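Shown next, in structure tokens, is the structure this report addresses.
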Amino acid sequence: VALMPRSFVEQACARCSVTGAKFWFSCNPAGPGHWFYREWICKAQARNALHLRFFMEDNPTLSQETRQRYERAFQGAFYRRFVLGEWTAAEGLVYDFFDESLVRPVPAGPAERWMISCDYGTVNPTSMGLWGKYGEVWYRVKEYYYDARQVRRQQTDQEYAQRLAELAGGREIEAVVADPSAASFLETLRREGWNVRKANNEVLSGIRLTADALKEGKIVICAPCGDAIREFGSYCWDLSAGDRDKVKKEFDHAMDEIRYFVATVVAPEAGEDFFFAGYVERRV
């Protein structure tokens, strides 16, 4: 119910006009400003409602190992919501666990597979990351980052395609994963012979998947990726967004293309559900 529009829920309730009708709601927690929390959870007694909370320990089909894996999949506000079951606000850094200890040198030797992720901008920065797979881990070994505002010169689609080719460095690139909204740039890449994959671009689920991939060691950011490392330390939640979870639209260009890569390539290869919220069920 927390994912449904308030107007839909209230209209559904209005249709239950038969004497003795009852409402059953099921949801994961959201932020404390969410309308359902304010109007139903906080007013449960006034509404003659029974509020039931269920945790992972209440699910007899989950082993301890599975529960621990799910607990590791979340951090910050998402851990408090989907593991502890709290209606809590997102705040501070998005990836508050990321620090220099997670940065690794580029692995020696050739990678088994190569891909490139890209967040395209005209006035806003463009960020590209070169990913190599070594064993079961994807390493972001190299990057290209261009801020047109800072340089005071915009580049054309053709110029960005050339920068992408330089980043590839003659390697056999399996695919270029990019924001599907960058239509003209994607078409330029296709004409240049690149295999283009449109990225999954759901922000919140992508952030959860990226946090999981970093903490589980499924992806590694290498030392040459200085702009991505800088953005990890500046990418924050927008605390003025009210009852919505929203990230600030700044210091997010490398963050976006890393998220594209994880949601489009890493998570599907690992057989993970794109929407993590389904892992833990709460009923109201």
Side-chain angles (χ1 to χ4, degrees), residues 74-79 90-106 115-132 137-155 160 163-164 166-167 176-182 185 199-241 244-267:
F74 301 100
Q75 51 91 26
F78 294 115
Y79 179 87
E91 59 185 19
L93 290 174
V94 173
Y95 301 107
D96 55 5
F97 62 90
F98 187 91
D99 57 30
E100 294 288 341
S101 68
L102 295 178
V103 178
R104 298 284 185 269
V106 177
M115 289 194 186
I116 291 176
S117 56
C118 179
D119 182 53
Y120 171 84
T122 50
V123 178
N124 290 324
T126 289
S127 179
M128 305 179 191
L130 175 64
W131 297 86
V137 180
W138 283 98
Y139 289 79
R140 192 177 188 271
V141 301
K142 192 177 180 182
E143 68 180 5
Y144 171 78
Y145 194 97
Y146 184 82
D147 189 339
R149 283 195 179 94
Q150 187 175 38
V151 180
R152 296 185 179 180
R153 177 185 176 273
Q154 296 183 24
Q155 295 196 64
Y160 278 129
R163 303 292 89 77
L164 187 144
E166 293 169 358
L167 180 64
V176 177
V177 179
D179 183 351
S181 66
F185 179 56
N200 286 328
N201 192 20
E202 207 289 324
V203 178
L204 295 181
S205 291
I207 287 173
R208 296 172 202 143
L209 289 169
T210 301
D212 176 41
L214 285 165
K215 294 170 77 173
E216 293 288 319
K218 299 170 188 174
I219 65 169
V220 171
I221 309 302
C222 294
C225 300
D227 284 298
I229 295 169
R230 171 182 56 81
E231 285 196 3
F232 272 113
S234 303
Y235 190 43
C236 291
W237 296 105
D238 184 355
L239 303 183
S240 66
R244 296 178 299 150
D245 289 325
K246 185 179 179 182
V247 289
K248 289 185 177 180
K249 289 300 295 177
E250 57 184 7
F251 311 116
D252 63 345
H253 308 286
M255 299 296 92
D256 284 350
E257 50 103 338
I258 291 172
R259 170 170 56 81
Y260 298 158
F261 183 75
V262 172
T264 310
V265 177
V266 180

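No experiment lies behind these values; they were computed from the predicted model shown.
Counting heavy atoms from C-beta on, the side chains of R140 and C222 never come closer than 4.5 Å. Side-chain contact check for V94 versus T210: every heavy-atom pair is 4.5 Å or farther apart. With contacts defined as side-chain heavy-atom distances shorter than 4.5 Å, the pair F232/D99 does not qualify. A heavy-atom distance below 4.5 Å is not found between the side chains of L102 and Y95. With a 4.5 Å cut-off on side-chain heavy atoms, V265 and V177 count as touching.
Scanning all heavy atoms of the two residues, the minimum distance from A254 to A228 falls at CB-CA, 3.8 Å. Residue V266 comes nearest to I219 through the heavy atom pair CG2-CG2, 3.8 Å, listed as atom of the first residue, atom of the second, then distance. Listed here is the closest heavy atom pair of C236 and L93: SG-CD2, 3.6 Å. Nearest heavy atom pair, residue S127 against residue E257, reads OG-OE2, 2.8 Å.
To the nearest 0.5 Å, atoms CG (L209) and CG (L204) are separated by 11.0 Å. Rounding to the nearest 0.5 angstrom, the gap separating the NZ atom in K248 from the CE atom in M255 is 15.5 Å. To the nearest 0.5 angstrom, E166 atom CD is 9.0 Å from K142 atom NZ. Taken to the nearest 0.5 Å, the CG atom of D119 stands 10.0 Å off from the CE atom of M128. With rounding to the nearest 0.5 angstrom, the CG atom of D252 is 11.5 Å from the CD1 atom of I258. Here C225 contributes atom SG and Y139 contributes atom OH; the two are 13.0 Å apart, rounded to the nearest 0.5 Å.
By the 30° and 60° cut-offs, the orientation of the rings of W138 relative to F261 is perpendicular. Between Y144 and Y146, the ring planes are parallel. Angles under 30° get that label, and only those over 60° would be called perpendicular.
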Chi angles and distances behind the side chain to side chain contact (heavy atoms under 4.5 Å, CB included) call for I229, I221: CA-CA 8 Å; I229 295 169; I221 309 302; 4.0 Å; yes
Given the rule in the side chain to side chain contact (heavy atoms under 4.5 Å, CB included) test, do D212 and K218 qualify, once you have shown the distances and angles that lead to the verdict? CA-CA 8 Å; D212 176 41; K218 299 170 188 174; 3.0 Å; yes
Before you tell me yes or no, could you show the steps for C118 and F185 under side chain to side chain contact (heavy atoms under 4.5 Å, CB included), namely the whole-Å CA-CA distance, both residues' side-chain angles and the distance that decides it to 0.1 Å? CA-CA 10 Å; C118 179; F185 179 56; 3.6 Å; yes
The test is side-chain hydrogen bond (donor to acceptor under 3.5 Å, both in side chains); show your working for N201 and R259 and say whether it passes. CA-CA 8 Å; N201 192 20; R259 170 170 56 81; 3.1 Å; yes
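For the pair R230 and Y145, the cation-pi criterion (under 6.0 Å, within 45° of the ring axis) is fulfilled.
Salt-bridge formation is not detected for the pair K249/D238: no Lys NZ or Arg NE/NH1/NH2 atom is positioned less than 4.0 Å from an Asp or Glu carboxylate oxygen.
The backbone N or O of A263 lies less than 3.5 Å from a partner atom in the side chain of N200, making a donor-acceptor pair. Side-chain N or O atoms of R104 include one that pairs as donor or acceptor with a backbone N or O of S101 at under 3.5 Å. Between the side chain of E143 and the backbone N or O of G226 there is at least one donor-acceptor pair closer than 3.5 Å.
When the options H253, R149, E250 are evaluated for a side-chain hydrogen bond (donor to acceptor under 3.5 Å, both in side chains) with N124, the one that passes is R149.
Side-chain atoms of Y120 and D179 form no donor-acceptor pair, as typed in the model, at a separation below 3.5 Å.
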